[in-house]
Each structure stands twice: as C-alpha cells, then as structure tokens.
2 protein chains.
Amino acid sequence: MNHFRMEILVKPRPGLLDPEGKAIHHALRSLGWTDIHDVRVGKAIYIDLEAEDSVTALETTEAMCRKILANPVTEDFEVSVVGDTERITA
Amino acid sequence: MNHFRMEILVKPRPGLLDPEGKAIHHALRSLGWTDIHDVRVGKAIYIDLEAEDSVTALETTEAMCRKILANPVTEDFEVSVVGDTERITA
C-alpha cells in the first residue's frame, strides 16, 4: 500500500445561487476592487489515504465524493493526486 | 484589460484543529473507508476579474487574500490563474 494525498475541489454548479460568493464579491467591491465579475465559493478537501496505486486512490476518492463529499444536484467536483497530473472531473 | 479566472485555495494550517475535517473523517470511516490518515477542509474560491496581465491578476488576488479571504493566523493560501501554471504560495 502506498500513501497518497488527494485534493478534492467541490464547486457550486454554474447558474446556481452562491450566497457566500455574493457576500465576498460585495465585500471586495466595498474595499475598492471593482474589476470583479463573479465570485464562487466551494470547498477544498484534502484526504491522506493508503491505496495500491494512484488509479485506485482516484477511484476511491471519486466514490467518496459521490457518496458524501459533494451534492450531485448542486455541486461539481474535481479529484486529483497532489503533485500528480491525473484528474477525474465530474 | 484582460479577463482572468483566479483559483484561491485556503487551507487550515498544519497542526491546527479542523473540526469539519474530523467530522468528514469520522463519516468516511463509518462508511467503511478505514485507510484514511487525515482529512483537512478548506475553501476553494474562484474570482473572475479584469487585469492588465496575469502577473497583475496574481498580485491583486494575493492582496485580496491577505486582506479578507484568508485568516493569516490560522490559514495558508495558494493563488493561481485557472489554466495557467504561475502560482503564488503563502
């Protein structure tokens, strides 16, 4: 078994309301940053796990995303091994 | 002015308590994923902005992070242009 650090980026789907993003957009504008079109806020989750190889690590992490880490109705996610170029997008 | 999409990853500093990460770790373990050592949860923020060039875009976004997006005491951040390889880490 090998050690992998997985990076999971969970983002609100385009078009869906994102109140936290709106609040940050407003705050940045009031601080003088006016050249901003949009702000979206999601989660960055880092999981250290043991797996046979990086393909298994990616598959396991993708299963975790489908099961509990991302809401399939409102969120998209990307999984990658940190320091690796393989990436599963859904 | 050009259009840039910035990706900001804000993570709790190593060693600091991360109750949300702990809760996810516990939930994954109770679902049968036992080969996990650690889970850390941060934010992924996406900002669409106008800037002269990518260097200015990175500097502007780094200033936003230092001002309001990240807590300098408890969090680290990484800024990058999406689809670009330049990255400022702090």
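Reminder, nothing fancy here: chain letters follow the sequence lines and each chain counts from 1. The structure displayed is predicted, hence computed values, not measured ones.
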Could you tell me whether the side chain of B:Leu9 reaches within less than 4.5 Å of the side chain of A:Glu7, counting heavy atoms only?
-> yes

B:Ile68 side chain reached by A:Leu28 side chain, heavy atoms, under 4.5 Å | yes

Working for side-chain contact (heavy atoms from CB on, under 4.5 Å), residues A:Ile45 and B:Val39 = CA-CA 7 Å; A:Ile45 305 172; B:Val39 180; 4.0 Å; yes

Quick one: pull up OG1 in B:Thr61 and CD1 in A:Ile36 and give me the separation to the nearest 0.5 Å.
-> 8.0 Å

Would you find more than 12 non-hydrogen atoms of other residues, nucleotides or ligands less than 6.0 Å from B:His3 atom NE2?
-> yes

Any chance you could measure B:Trp33, atom CH2, to A:Met64, atom CE, to the nearest 0.5 Å?
-> 6.0 Å

Take B:Leu49 and A:His37 through the test side-chain contact (heavy atoms from CB on, under 4.5 Å) and record every step on the way to the result.
-> CA-CA 6 Å; B:Leu49 50 75; A:His37 296 297; 5.9 Å; no

Mind checking the CD1-CG spacing from A:Ile24 to B:Leu69? Nearest 0.5 Å is all I need.
-> 6.0 Å

Between B:Met6 and chain A, which part of the residue has a heavy atom less than 4.5 Å away: side chain, backbone, both or neither?
-> neither

Determine, using the 4.5 Å side-chain heavy-atom cutoff (strictly less than), whether B:Leu16 and A:Ile47 are members of one ILVMFWY cluster.
-> no

When the 4.5 angstrom heavy-atom criterion is applied to A:Ala63 and chain B, the contacting part is both

